[in-house]
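Below is one structure, written out as structure tokens; comments come after it.
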Amino acid sequence: MGRRLTGVSAPAWLAAAGEGLGQDELALATRNHGLPLEAMRYDVTPPGLHYVLTHYDIPHVMDEAAWQLNVSGRVQHVLTLSTAQLRTYPAVTTRVTLECAGNGRALLSPRPVSQPWLVEAVGTAEWTGVPLRLLLDEAGVASDAVDVVFTGADHGVERGVEQDYQRSLPLDVATCEDPEVLVAYAMNGAPLPPQHGRPLRLVVPGWYGMAQVKWLCGITVTDTPFTGFQQSVAYRIRRESAEAGEPVTCIAPRALLIPPGFPDFMSRTRVVPPGPVLLEGRAWSGRAPVTSVDVSTDGGATWHPAELERDHGHRWSWRRWSRRWFAVPGDHVLSARATDEAGNTQPLEQPWNRGGFANNLVQRVPVFCPDPADTA
Ligand SMILES: Nc1nc2c(c(=O)[nH]1)N[C@H]1C(S)=C(S)[C@@H](COP(=O)(O)O)O[C@H]1N2
Ligand SMILES: [Mo]
């Protein structure tokens, strides 16, 4: 792991009961924006509306032609590839929904102090690149290999540890054919934007965001499990800080509503005129295909099945769901709940861990339906 820099060391901590967001959380929130939920109307998120999360700084890549990707470690031949060389390999395009593992964190109590996501750390893009398996085949992975470590060109300090952003995948995930892990150079048919990893990033369908290493410059095959900061300190599910914890891996099921009606500027409460309303949204799971979505319009007291659109061949993308509702004057709380083929579903009570990871508590959308008789 990296050098200790005690001068800027800060432990991970939890906000005290009732403590508002601090300026440190605000600084992260202004850098790392979420998906405006109304943009879930698009099957593929338009550029600029996809959520963004960057731990350190976005690297300034002046000359894409000079970028090099090194494949090394427990391999027979070290590869050094330019972005132009990568474009000569067979290209694969996959529509993938990415979600940050910390999505939902700011709604937890007590609140883990970090990037304060509500529920909007999600987006869907068409990623084009080279299957990682082809590069590993060409390099010739040694028989004692266990992990593949991915290094980004960004550098920073986290909890007192100076480091490059690094994450690993087990060899079987890295060399899988379905889903194929991609070394991607295009997003929605265009070169990667700077904030999404220009010029190269990893795309691991079904896994939470931390695995999708941006500004990818190194791939190292190792014969021992990788124990870097983002693997063994961050991104672990723990209730107590002393626990080793379980690693964060694939995305738990979640359904979100496209906000109905129109919003109040400050509270974001939705105003919905009385009458028929089409409730609709998106649902996804990285663990198994979503099999059903249920909707509640009474704060979770009763649930009714929604119509779930087919995946149209895009297993790793969110899917549209909808259900008709007849809004009557008064206050309502709307929710949607996804269940996948493996029986994973969304909890109605908050699941809690110190990092606020893999938190898929059902969304609650307060709605006010005005009485037409009350016009002043
Ligand atoms: N090099 C690098 N890769 C990274 C990160 C980072 O800080 N540095 N953040 C990760 C996290 S936590 C998330 S959620 C996703 C976000 O990807 P996006 O910004 O393209 O949506 O990138 C991942 N890849
Ligand atoms: Mo993330």
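Remember, it's 1-based here, ligands and their atoms both numbered in the order they're listed.
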Among Tyr208, Trp284, Tyr51, Trp117, the one residue meeting side-chain hydrogen bond (donor to acceptor under 3.5 Å, both in side chains) with Glu99: Trp284
Under the side-chain hydrogen bond (donor to acceptor under 3.5 Å, both in side chains) test against Thr54, which residue among Lys214, His196, Gln195 passes? Lys214
Can you tell me if [X] uses its side chain to pair, donor with acceptor, with the backbone of [Y] under 3.5 Å?
{"X": "Tyr165", "Y": "Gln230", "answer": "no"}
{"X": "Arg201", "Y": "Arg198", "answer": "no"}
{"X": "Asp340", "Y": "Pro289", "answer": "no"}
{"X": "Arg159", "Y": "Phe229", "answer": "no"}

Any idea which part of [X] is under 4.0 Å from ligand 1, heavy-atom wise: side chain, backbone, both or neither?
{"X": "Lys214", "value": "both"}
{"X": "His50", "value": "side chain"}
{"X": "Tyr208", "value": "neither"}
{"X": "Trp117", "value": "neither"}

Residue [X] vicinity, atoms of ligand 1 by number, heavy atom under 4.0 Å:
{"X": "Trp215", "value": "1 (N), 2 (C), 8 (N)"}
{"X": "Val213", "value": "3 (N), 24 (N)"}
{"X": "Asp154", "value": "1 (N), 2 (C), 6 (C), 7 (O), 8 (N)"}
{"X": "Cys100", "value": "14 (S)"}
{"X": "Thr54", "value": "7 (O)"}

Of all the non-hydrogen atoms in the protein, which one sits nearest to [atom], and at what distance?
{"atom": "atom 23 (C) of ligand 1", "value": "Gly209 O, 3.1 Å"}
{"atom": "atom 21 (O) of ligand 1", "value": "Tyr51 O, 2.8 Å"}
{"atom": "atom 12 (S) of ligand 1", "value": "Tyr235 OH, 3.0 Å"}
{"atom": "atom 9 (N) of ligand 1", "value": "Leu53 O, 3.4 Å"}
{"atom": "atom 10 (C) of ligand 1", "value": "Tyr165 OH, 3.6 Å"}
{"atom": "atom 7 (O) of ligand 1", "value": "His55 N, 2.8 Å"}

Are [X] and [Y] packed together at the side-chain level, in the sense that at least one heavy-atom pair is separated by less than 4.5 angstrom?
{"X": "Trp303", "Y": "Val295", "result": "no"}
{"X": "Asp164", "Y": "Asp154", "result": "no"}
{"X": "Val122", "Y": "Leu98", "result": "no"}

Just wondering, are more than 12 heavy atoms of other shown residues or ligands nearer than 6.0 Å to CZ in Arg87? yes
Are more than 12 heavy atoms, taken from residues, nucleotides or ligands other than Glu246, located less than 6.0 Å from that residue's CD atom? no
Residue pair Gln363 / Ser335, side-chain donor-acceptor N/O under 3.5 Å: no
Under 3.5 Å: N/O of [X] near N/O of ligand 1:
{"X": "Trp127", "result": "no"}
{"X": "Arg201", "result": "yes"}
{"X": "Glu99", "result": "no"}
{"X": "Gln212", "result": "yes"}
{"X": "Val52", "result": "no"}
{"X": "Tyr56", "result": "no"}

Distance col, row Ser285:OG vs Asn344:CG, nearest 0.5 angstrom, shows 6.0 Å
